[in-house]
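Only one structure is covered here, and it is reproduced in the block below.
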Amino acid sequence: MRIGFGMDVHQFNENRELILGGVNIPHEKGLLGHSDADVLVHSIMDAILGALALGDIGKHFPDTDMAYKDISSMILLKRVYDIMKNNGYKIGNIDAVVAAQNPKLSPYIQQMRENIAKTLNTEIENISIKATTTEKLGFEGREEGMTSYCVCLLEKDIDNKKFFV
C-alpha cells in the first residue's frame, strides 16, 4: 500500500476553455497552461506519481515538449495509469478537492468522477471529488485561478500477472 499527495495551481485566462476532470465547464475564463490545464487531473496525476516515488507530471510531461501542447489531461492521466499498472499497483481510492470561488462545480462533479474512474479502471466509489470556495480569500477568492489538492491510496494489484513475472 502506498499513499501519495498532489497539488496543482493554474491561473485564469480569458482565451481558454475551463476543463476539470475532463468536463468542459461553461465559464467566461479557462485555466492557463501548456496542456488543457485541468488542475484537478494534474493534482491526481501528481498524487499517483508521488505514491510511486516517480517524480511529478513536469518530469514525465514537461511543458517544454510541444508534444504536450494543448493535450487533454485525460490522455496524460491514462499514461500515468499505465505507469501505475506497470509498477504493479491499482487505485485504492482518490480524494480530491478543487478550491475556486467561481464557477460552482457541484453540477459537474458526478461526470468528473465517472471520467476519472473510467480512465483509472476503477469503481466510481473509489473516486471522491469535492469543491470549495476560499470565502473570497486568496487568489482563488479573488477569482485569479484555481487550486486542486489530492491524496490517493494505491494497492498492490495481485491480479496483475505482469507484475509477478
Side-chain angles (χ1 to χ4, degrees), residues 3-85 91 94-122 127-152 154:
I3 297 170
F5 173 77
M7 182 261 194
D8 196 42
V9 177
H10 284 277
Q11 70 181 22
F12 279 121
N13 184 279
E14 291 184 4
N15 299 315
R16 300 279 297 212
E17 292 182 335
L18 179 57
I19 310 292
L20 294 173
V23 177
N24 191 327
I25 298 172
H27 192 59
E28 64 270 7
K29 295 179 182 178
L31 296 171
L32 184 61
H34 186 68
S35 66
D36 65 1
D38 188 329
V39 70
L40 170 61
V41 172
H42 291 185
S43 71
I44 292 169
M45 290 189 295
D46 268 349
I48 294 168
L49 291 169
L52 296 169
L54 293 176
D56 61 18
I57 60 174
K59 175 182 175 182
H60 293 267
F61 315 111
D63 64 6
T64 55
D65 189 335
M66 291 308 291
Y68 306 117
K69 179 72 175 144
D70 298 323
I71 194 169
S72 166
S73 293
M74 297 305 288
I75 292 171
L76 300 179
L77 182 61
K78 171 64 169 82
R79 293 179 187 175
V80 168
Y81 167 79
D82 291 341
I83 292 169
M84 177 188 70
K85 186 97 173 140
I91 297 296
I94 286 174
D95 187 19
V97 62
V98 178
Q101 197 64 40
N102 277 302
K104 298 302 179 203
L105 301 177
S106 58
Y108 308 100
I109 287 177
Q110 184 64 20
Q111 185 62 56
M112 291 178 204
R113 291 178 66 217
E114 290 172 9
N115 292 348
I116 292 164
K118 181 178 178 182
T119 302
L120 293 176
N121 195 30
T122 192
I127 308 297
S128 171
I129 299 170
K130 302 176 296 289
T132 188
T133 69
T134 57
E135 301 297 328
K136 300 188 179 184
L137 297 173
F139 86 98
E140 299 98 339
R142 292 187 302 271
E143 299 185 39
E144 296 172 9
M146 293 184 171
T147 303
S148 181
Y149 304 91
C150 179
V151 292
C152 75
L154 302 184

### Task
Applying salt bridge (Lys or Arg N to Asp or Glu O under 4.0 Å), name anything that partners Lys78, two or more places apart in sequence or on another chain.
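Per chain and number, Lys78 pairs via salt bridge (Lys or Arg N to Asp or Glu O under 4.0 Å) with Asp82.
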Can you tell me if [atom1] on [X] sees more than 12 non-hydrogen neighbours from other groups inside 6.0 Å?
| X | atom1 | result |
| --- | --- | --- |
| Gln111 | CD | yes |
| Leu32 | CG | yes |
| Lys130 | NZ | yes |

### Task
Would you please name every residue forming a side-chain contact (heavy atoms from CB on, under 4.5 Å) with Lys136, sequence neighbours left out?
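Lys136 satisfies side-chain contact (heavy atoms from CB on, under 4.5 Å) with Gln101 only.
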### Task
Evaluate the criterion side chain to side chain contact (heavy atoms under 4.5 Å, CB included) for residue pair Ile19 and Asp38; output intermediate values, then yes/no.
CA-CA 5 Å; Ile19 310 292; Asp38 188 329; 3.7 Å; yes
#### Entry: Verdict with reasoning, Ile116 to Ile44, per side chain to side chain contact (heavy atoms under 4.5 Å, CB included)
CA-CA 9 Å; Ile116 292 164; Ile44 292 169; 3.6 Å; yes
Please report the closest heavy-atom contact between [X] and [Y], naming both atoms and the distance.
| X | Y | answer |
| --- | --- | --- |
| Ser72 | Asp36 | CA-OD2, 3.4 Å |
| Cys152 | Ala51 | SG-CB, 4.1 Å |
| Ile25 | Pro103 | CG2-CG, 4.0 Å |

With side chains defined as the heavy atoms from C-beta onward, is the minimum distance between [X] and [Y] less than 4.5 Å?
| X | Y | result |
| --- | --- | --- |
| Val9 | Phe139 | yes |
| Val41 | Leu76 | no |
| Leu120 | Val80 | no |
| Glu140 | Val98 | no |

Working to the nearest 0.5 Å, report the span between [atom1] of [X] and [atom2] of [Y].
| X | Y | atom1 | atom2 | value |
| --- | --- | --- | --- | --- |
| Ile129 | Met112 | CD1 | CE | 6.5 Å |
| Gln11 | Lys29 | CD | NZ | 10.0 Å |
| Arg79 | Thr119 | CZ | OG1 | 13.0 Å |
| Leu77 | Met84 | CG | CE | 8.5 Å |
| Asn24 | Glu17 | CG | CD | 4.5 Å |
| Asp56 | Phe61 | CG | CZ | 10.5 Å |

#### Entry: Matching residue for Ile127 among Asn115, Ile109, Thr122 - test: side-chain contact (heavy atoms from CB on, under 4.5 Å)
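For Ile127, the side-chain contact (heavy atoms from CB on, under 4.5 Å) check succeeds only for Thr122.
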### Message
Would you call the rings of His27 and Phe12 parallel, tilted or perpendicular, taking 30° and 60° as the class edges?
### Response
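Taking Phe12 first and then His27, their aromatic rings sit tilted (interplane angle of 30° to 60°).
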Is the side chain of [X] donor-acceptor paired with the backbone N or O of [Y] at a distance under 3.5 Å, no angle test?
| X | Y | answer |
| --- | --- | --- |
| Asp63 | Gly33 | no |
| Asp95 | Val151 | no |
| His60 | Leu54 | yes |

### Message
Regarding Lys59 and Asp46, does a basic nitrogen lie under 4.0 Å from an acidic carboxylate oxygen?
### Response
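So Lys59 does not pair with Asp46 through a salt bridge.
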### Task
Could you walk me through whether Lys104 and Thr133 pass side chain to side chain contact (heavy atoms under 4.5 Å, CB included), step by step?
CA-CA 9 Å; Lys104 298 302 179 203; Thr133 69; 3.6 Å; yes
#### Entry: Pairing residues for Ser43 by the side-chain hydrogen bond (donor to acceptor under 3.5 Å, both in side chains) criterion, not counting sequence neighbours
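With neighbours one apart ignored, the set is Ser148.
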### Query
Leu20 and Leu31: side chain to side chain contact (heavy atoms under 4.5 Å, CB included), yes or no, with the steps?
CA-CA 10 Å; Leu20 294 173; Leu31 296 171; 4.2 Å; yes
### Query
Are side-chain N/O atoms of Asp8 and His42 paired as donor and acceptor at under 3.5 Å?
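Judged by distance alone, the side chains do pair up.
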